[in-house]
K.L.:
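Take this structure first; my questions come after.
Below, chain A is the first sequence line, B the second, and so on; all start at residue 1.
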Amino acid sequence: MHLLRLVQNAVRKALAGMTDDVEPYAAMVKATQDAKHGDYQANAAMSLAKALGKNPRDVAQQIAERLDLGDWLDKPEVAGPGFINLRLRGEWLAKQLRTTARDERLGVGAAENPGVYVVDFSGPNVAKPMHVGHLRSTIIGDSLCRLLRFLGHTVVGDNHLGDWGTQFGMLLWGYKNILDKDAFAKDAVRELARVYVEVRRKTQGTEEDDKAGDPIAEASRQETAKLHAGDPENVRLWKEFMPHCLEELQPIYQRLDVRFDHQLGESFYNPMLAEVVRDLEAKGIARKSEGAVAIFYGEDAPPSLIQKRDGGFTYTTTDLATIKHRMDTWKPTALLYVVDSRQALHFSNLFDAAKRWGYNGVALEHIKFGSVLGPDGKAIKTRDGGAVELGSLLDEAFTEARKVVVAAINQSPTTDSTVAFSESEIDQIAEAVGIGAVKYADLSQNRTSDYIFRWSKMLAMNGNTGAYMQYAYARNCSILRKAGVSIERFRTDPPAIHLDSPHERALALQILRFEEALAAAVADYQPSGITTYLWDLAKTYSGFFQNCSVLKAESPELRESRLLLCDLTARVIQLCLGLLGIRTVERM
RNA sequence: GCCCCCGUAGCUCAGCUGGAUAGAGCAGCGGAUUUCUAAUCCGCCGGUCGCAGGUUCGAAUCCUGCCGGGGGUACCA
C-alpha cells in the first residue's frame with residue numbers, strides 16, 4: 001500500500017486535460033506536516049495557475065472538483081494560496097488495515113521492476129583487526145542488502161576484501177622473525193593476530209610518514225613485493241594465512257549478523273589485471289605517461305594510474321577488473337559501493353572510466369558516508385591514539401547495554417517479570433540492545449554526514465534510538481501476552497478495526513505508510529528513511545497507548561480492534577528493525 | 001592552486017527533487033500519572049537555518065560570491 005503513490009495517481013487523473021505536462025504537477029503531492037491540513041496535500045495549483053495565467057485558488061478548486069474521491073477520500077479542501085488538502089476516509093483505512101494484517105509483508109508489494117544489485121560493502125583488510133573504520137560500510141551495506149532483498153530485488157552482497165596488500169608483508173616478516181611456533185600450532189588465528197600487532201608496534205610512528213627509515217617496515221615492504229612477484233615461499237605462506245585471516249573476521253560478522261554472498265578480495269582479481277591494462281590501452285582509454293599507464297579525465301584533472309612505473313597495479317586497476325567480473329558474472333542493473341565519502345573522487349573517476357570502457361547499461365553508485373568521530377569531534381581514536389578495534393567496541397556495547405538493562409529491570413517494579421530474568425536472558429537482551437544501539441545510531445544518521453560516537457546518546461531510552469524501538473516492541477508483546485488472544489487468528493481472520501479516536505486513526509495511517517517509507521528509503525539508499533518512519537510510528541503509538549486503553553477498552557470489540565493495532569505496530573517495528581539488521585526481544 | 005562535503009536551538013542531529021507558524025532528543029524549567037512495562041507522557045524555554053546578494057507567488061531547501069570547518073587531489077588502498 002503505497003499511499004502517496006495512490007494519491008498522486010488520483011491527482012494525475014484529475015490534472016489530465018488541464019495541462020499537457022501533467023507529471024511534474026502530479027509529483028507535487030506530499031504528506032502534510034500538520035494533521036489539520038489533512039493527510040496529504042497537492043500543491044500543483046499554485047505553479048499550474050502561474051503557467052496558465054489563472055487564479056491559483058480557482059485552479060485548485062477545479063482540480064479538487066475533478067478528483068475521483070472513490071470510497072477512500074473525503075471531500076478535499078482548498079486552503080491558503082491554493083493548497084488542496086486531502087484526507088483519507090476512516091472506514092477505508094480500517095479496511096486496508098485488515099488486509100495488511102493478513103499479509104506477511106504487511107502490505108508492501110514486491111518491486112515492479114526487480115533488478116539485480118551487486119552491493120560492495122565492508123571490505124576490511126584481512127590479517128589485521130577490524131576497526132571502527134569498517135563499521136559504517138558494514139552496517140549500511142548490510143541494511144541496504146536487506147532492504148533491496150525485501151523489496152524483491154536480487155541482491156549479491158560482496159565483501160571486497162583487502163587480501164593482497166602491504167599488511168601481508170608485515171605478517172610475512174613477522175612469521176619469519178618473531179613467530180611463536182607453539183602458539184601458532186595451537187591457535188594460528190590468535191598467533192597471527194599477535195604477530196601483526198607486534199610488527200605494527202615495532203614500526204609504529206614510521207607507518208604514516210617516514211617509512212623509509214625503518215628497517216622492519218622496509219623489510220616488510222620487500223616481503224610484499226616478493227609476494228606480488230610470485231615468490232613461491234611467500235605465496236605458499238599467503239595461502240596458509242588466508243583461511244586463518246578469514247576466520248578471524250567471523251566473530252565480528254556473526255555478532256553483527258552480517259552475511260555475504262561472496263568474499264572476492266583483491267587477490268581474486270590479481271590474475272586479471274595485466275589483461276585489463278592491455279585492453280584499456282588497446283581501446284585508447286589509457287595511455288603511457290611518465291613511465292606509468294594512466295587514464296586521463298580532462299585538461300587539469302589528475303589522471304588515475306592503472307599501472308605504476310615499477311609495473312605494479314593499483315586499486316583502480318583492481319576495481320576495473322572487479323567491474324568487468326561482476327558484469328560478466330551477474331549482469332547487474334546496479335553496482336553499489338558502500339564506501340567512505342573520502343573516496344568520492346576515486347569512484348567518480350572509476351565510473352567515468354568504466355563507462356568509457358563500455359559499461360553504460362548499469363547504474364554505478366557510490367553510496368558514500370561520513371566519518372565516525374570521537375567526543376572531541378575529531379576522528380575517533382583510542383586513548384593512545386590507535387584505531388578503535390571493532391571487537392572491543394562491540395564488547396563495550398554489550399557491557400554498556402547490560403548496565404542499562406539491569407538498572408531498568410531493577411527499578412521497574414511492574415516490568416512483565418512474572419518469570420524472573422535469568423542471567424543468560426539478560427545477557428541476550430544486552431547483546432541485542434547493545435549491538436542494536438550501535439547499528440541504530442549509525443543508520444538513523446543521515447549517511448553523508450559525520451557523527452559523534454556516544455554511548456549515552458546511543459543507549460538512551462528516550463528519543464530515536466534502537467533501545468527505544470526494541471522497548472516499544474517488547475511492551476507490545478507484553479500487552480498481547482496479557483490479552484491472551486490468538487495472534488494466529490489476528491493474522492488470518494483479523495477483527496474489525498474501529499478508528500474513532502484521532503489517536504487510533506493516526507496510528508492506522510502511520511502503519512499504512514510503511515511502504516511509502518521504504519520506497520523513500522530505497523530511492524536514495526538511505527536507511528535513515530526507515531528510522532525516521534519508525535520514530536514517527538513510535539511517537540504515534542505512544543499517543544495511542546497513552547490515550548486509548550487496550551486491555552480495559554470500553555467494549556470487547558474495541559479491545560479486539562486495539563489489540564490488532566498493537567499487533568500491527570509490533571510487526572511493523574520488528575520488520576523495520578529487521579531491515580536494519582537489528583534483533584528484537586520479546587521482553588526487556 | 002583546483003575539486004568535493006559541511007555550517008540549522010546551549011549540545012547532538014532531522015528537514016534540503018522549494019510550499020502553509022523551521023522539527024526532534026538531550027540539557028534547563030514546570031506538570032501528569034501508584035502504569036496495559038515510569039526504560040512513560042504533556043507543557044514551557046530556546047533558532048537573523050554561517051554572511052551577503054539573486055531566482056520565485058513562495059527559499060533552510062535552487063543559483064552566485066564571501067567567511068569558517070573538514071576532506072581529496074599521478075605511482076598507498
K.L.:
Counting heavy atoms from C-beta on, name the nucleotide in B:U40, B:U12, B:A20 closest to the side chain of A:Lys457.
P.N.:
B:U12
K.L.:
Over all strands shown, is A:Asn85 touching base, sugar-phosphate only, or nothing at heavy-atom distances under 4.0 angstrom?
P.N.:
base
K.L.:
Would you please determine if the base of B:C13 is stacked by A:Tyr451, with stacking meaning a centroid separation under 5.5 angstrom and planes under 30 degrees?
P.N.:
no
K.L.:
Tell me the interatomic distance from A:Arg447, atom CZ, to B:C16, atom C1', rounded to whole angstroms.
P.N.:
14 Å
K.L.:
Select one nucleotide: of B:C75, B:G19, B:G72, the one nearest the side-chain heavy atoms of A:Gln41.
P.N.:
B:G19
K.L.:
Between the protein and nucleotides 21-23 of chain B, which nitrogen or oxygen pairs come in under 3.5 angstrom?
P.N.:
| unit_1 | atom_1 | unit_2 | atom_2 | d |
| --- | --- | --- | --- | --- |
| B:U21 | O4 | A:Asp34 | OD2 | 3.3 |
| B:U21 | O4 | A:Lys36 | NZ | 2.8 |

K.L.:
So if I take every side-chain heavy atom of A:Lys30 and compare against B:U37, B:U40, B:G19, which nucleotide ends up nearest?
P.N.:
B:G19
K.L.:
Under 6.0 Å between ring centres: does that hold for A:His160 and A:Phe121?
P.N.:
no
K.L.:
Please state whether the base of B:A74 and the side chain of A:Thr314 form at least one donor-acceptor pair under 3.5 Å?
P.N.:
no
K.L.:
Counting heavy atoms from C-beta on, name the nucleotide in B:A74, B:A39, B:A77 closest to the side chain of A:Tyr315.
P.N.:
B:A77
K.L.:
I want to verify a distance call: between B:G71, B:G19, B:C76, whose nearest atom is closest to the A:Lys308 side chain?
P.N.:
B:C76
K.L.:
Could you state the atom-to-atom distance from CD1 of A:Ile452 to P of B:A14 in whole Å?
P.N.:
11 Å
K.L.:
Name the closest nucleotide to the A:Ala294 side chain, picking from B:A74, B:A39, B:C75.
P.N.:
B:A74
K.L.:
When you get a sec, tell me which of B:A74, B:C36, B:C76 is the closest nucleotide to the side chain of A:Ser289?
P.N.:
B:A74
